[in-house]
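Before any comments, here is the structure.
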Amino acid sequence: MRILHLSDTHLYGDRTARHYGRIDTAAALRGVLDRLAGLQGVDLVVHSGDASEDGTVESYRRLHALLDPFAATLGAPLVVAMGNHDVPAAYAQVAGPGDHDPRYQDRVITTVGGARAVVLDSSVPGAGYGHLDPAQLEWLRSVLAEPSVGGTVLVVHHPPLTAATRMLRALDLDGVDELAEVLVGTDVRAILSGHYHHEMTGQLAGIPVHVTPGITNVVDPVAAGDHERSLALSGASILQIDANGTAPGIITSLWPNAGDPGGDTAGDVRVPVYDFGPEDVQAIINAAGR
């Protein structure tokens, strides 16, 4: 199974809105899709959450207006997870209700080759951290009780990994051990996440976890120190996942952000989209919702 992994588009219903007063997020997404125009052999297109910044119905219409025809040209189904900026009820007005409970955008999507994507909604209203309710885990257990012909990938916005920075650790996923218990012995071949806005890999219950970079900006965790910085870049990944359980092959690209069109900082990755100092970071941690 060959998967295109995208995340964190942060689209607005208002076409004049700019992320951090700078990034045209729809233009950033269009730029990534233009870069991927020659892509072939993709079985599944995954958007692992924070599709919207403002949670409006119009933002989700814009998302699907861009991604639906793109996925169609690849002949691949599109799956979209809900992130902490998303509003599941608004998304349901565009994509319909989830598969088992109207509170959650949890879904199962099958590819042409018989592989399966299971999407879990980890959003918490008004909060930045992620959570999976017991009802969602029980539904996941019931779905995974019957293996898929081509194996399964799990898509959840908040990564089931320890974050690389202090701020992001305040925004991580609750109940990772409970999720791991459900996944042991199943046919899940990989877990795909966003949220961190930078690439990261790890494991949960022996299953590879891949976090893809953001499209609206890319966080710099290595040089963060006491700061949290993001750069005017966009990223995307390709994963090749075999049904026999071997570790997925992962290729990731970063490009200048096509949504950074004007002003003195246009296209200059040396100028952060944001640079939060210790006081800013603490304020975000305090507002995380825990």
Side-chain angles (χ1 to χ4, degrees), residues 5-21 23-30 32-33 44-72 77-109 117-137 139-140 154-159 171-174 192-197 212 214-217 234 259 284 287-290:
H5 188 189
L6 312 172
S7 195
D8 292 278
T9 47
H10 291 269
L11 296 178
Y12 293 88
D14 178 359
R15 294 172 183 264
T16 67
R18 297 294 179 264
H19 204 234
Y20 292 101
I23 302 297
D24 179 342
T25 56
L29 175 56
R30 286 194 294 268
V32 168
L33 298 183
L44 181 69
V45 178
V46 169
H47 186 311
S48 56
D50 275 357
S52 173
E53 173 67 15
D54 58 11
T56 60
V57 172
E58 181 57 30
S59 68
Y60 296 121
R61 289 183 178 136
R62 297 185 76 191
L63 177 84
H64 280 279
L66 290 167
L67 287 184
D68 285 352
F70 174 79
L78 168 68
V79 300
V80 179
M82 295 287 96
N84 49 292
H85 287 274
D86 289 308
V87 177
Y91 185 70
Q93 294 187 49
V94 177
D99 283 357
H100 71 102
D101 188 310
R103 293 176 295 173
Y104 317 115
Q105 280 291 316
D106 297 339
R107 299 176 186 274
V108 178
I109 295 93
V118 179
V119 184
L120 286 177
D121 179 350
S122 59
S123 64
V124 178
Y129 70 95
H131 179 78
L132 299 172
D133 288 340
Q136 294 178 273
L137 294 177
W139 172 78
L140 177 63
L154 179 66
V155 184
V156 57
H157 177 68
H158 295 79
L171 305 172
D172 62 8
L173 181 67
D174 280 349
L192 307 185
S193 299
H195 190 51
Y196 291 162
H197 282 245
T212 198
I215 287 177
T216 188
N217 58 64
S234 296
I284 292 169
R290 283 197 165 101

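For clarity, every value in this text was computed on a predicted model and none was experimentally measured. Positions are given from 1, in the same order as the sequence printed here.
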Spatial distance of atom OG (Ser48) from atom CE (Met82) [nearest 0.5 Å]: 11.0 Å
In terms of heavy-atom contacts, Gly55 and Ala90 come closest through O-CB, 3.3 Å
Here the pair of heavy atoms bringing Ser123 nearest to Gly83 is CB-O, 3.3 Å
Closest heavy-atom pair and its distance - Pro77, Leu44: O-CD1, 3.6 Å
Could you tell me which residues satisfy side-chain hydrogen bond (donor to acceptor under 3.5 Å, both in side chains) with Thr216, sequence neighbours excluded, listed by chain and number? His19
side-chain contact (heavy atoms from CB on, under 4.5 Å) partner of Asp99, the single match among Val118, Val108, Ile109, Val119: Val108
Under the criterion side chain to side chain contact (heavy atoms under 4.5 Å, CB included), I'd like the reasoning laid out for Asn217 against Tyr20: C-alpha separation, chi angles, the key distance, then a yes or no. CA-CA 10 Å; Asn217 58 64; Tyr20 292 101; 4.3 Å; yes
Run the numbers on His131 and Leu173 for side chain to side chain contact (heavy atoms under 4.5 Å, CB included), then give the verdict. CA-CA 6 Å; His131 179 78; Leu173 181 67; 5.6 Å; no
Leu33 side chain near Leu67 side chain, heavy-atom distance below 4.5 Å: yes
Residues in ring pair (Phe, Tyr, Trp, His ring centres under 6.0 Å) contact with His85, at least two apart in sequence or another chain: His10
Given side chains that start at C-beta, do those of Val155 and Leu120 come closer than 4.5 Å, heavy atoms only? no
Checking His158 now: which residues fulfil side-chain hydrogen bond (donor to acceptor under 3.5 Å, both in side chains) with it, not counting sequence neighbours? Ser122
Let me know which of Glu53, His47, Arg62 forms a side chain to side chain donor-acceptor pair (under 3.5 Å) with Thr9. His47
Evaluate side chain to side chain contact (heavy atoms under 4.5 Å, CB included) for Val80 paired with Leu63, printing each intermediate quantity in order. CA-CA 10 Å; Val80 179; Leu63 177 84; 4.1 Å; yes
What residues form a side-chain contact (heavy atoms from CB on, under 4.5 Å) with Leu171, not counting sequence neighbours? Leu168, His195, Ala288
What do the steps show when you test Arg61 against Gln93 for side chain to side chain contact (heavy atoms under 4.5 Å, CB included), and what is the final call? CA-CA 9 Å; Arg61 289 183 178 136; Gln93 294 187 49; 5.5 Å; no
Taking C-beta and beyond as the side chain, do Tyr12 and Thr56 meet within less than 4.5 Å on heavy atoms? no
Suppose we screen for ring pair (Phe, Tyr, Trp, His ring centres under 6.0 Å). Which residues come up paired with Tyr91, at least two apart in sequence or across chains? Tyr60, His64
Pick out which of Leu6, Asp50, Asp8 makes a side-chain contact (heavy atoms from CB on, under 4.5 Å) with Ile215. Leu6
Check whether Asp106 reaches the backbone of Gly98 with its side chain - one donor and one acceptor, N or O, closer than 3.5 Å. no
Restricting to non-hydrogen atoms, name the atom on Arg103 and the atom on Asp121 that form the minimum distance, rounded to 0.1 Å. O-OD2, 4.2 Å
A side-chain contact here means heavy atoms from C-beta on lying under 4.5 Å apart; do Trp139 and Leu132 qualify? no
Examine distances only and state if a side-chain atom of Ser59 and a backbone atom of Gly13 form a donor-acceptor pair shorter than 3.5 Å. no
Any donor and acceptor pair, going by atom type alone, linking the side chain of Asp133 with main-chain N or O of Ala135 inside 3.5 Å? no
Between Leu29 and Leu11, the two heavy atoms sitting closest are CD2-CD1, 4.4 Å
Go through the structure and list residues passing side-chain hydrogen bond (donor to acceptor under 3.5 Å, both in side chains) with Arg107, not counting sequence neighbours. Gln105
Is it true that the side chains of Ser193 and His157 contain a donor and an acceptor less than 3.5 Å apart? no
Say whether, by atom type as modelled, one donor and one acceptor occur between the side chain of Asp14 and the main chain of Thr16 under 3.5 angstrom. yes
Heavy-atom closest pair (Ala127 atom, Asn84 atom, distance to 0.1 Å) is O-CB, 3.5 Å
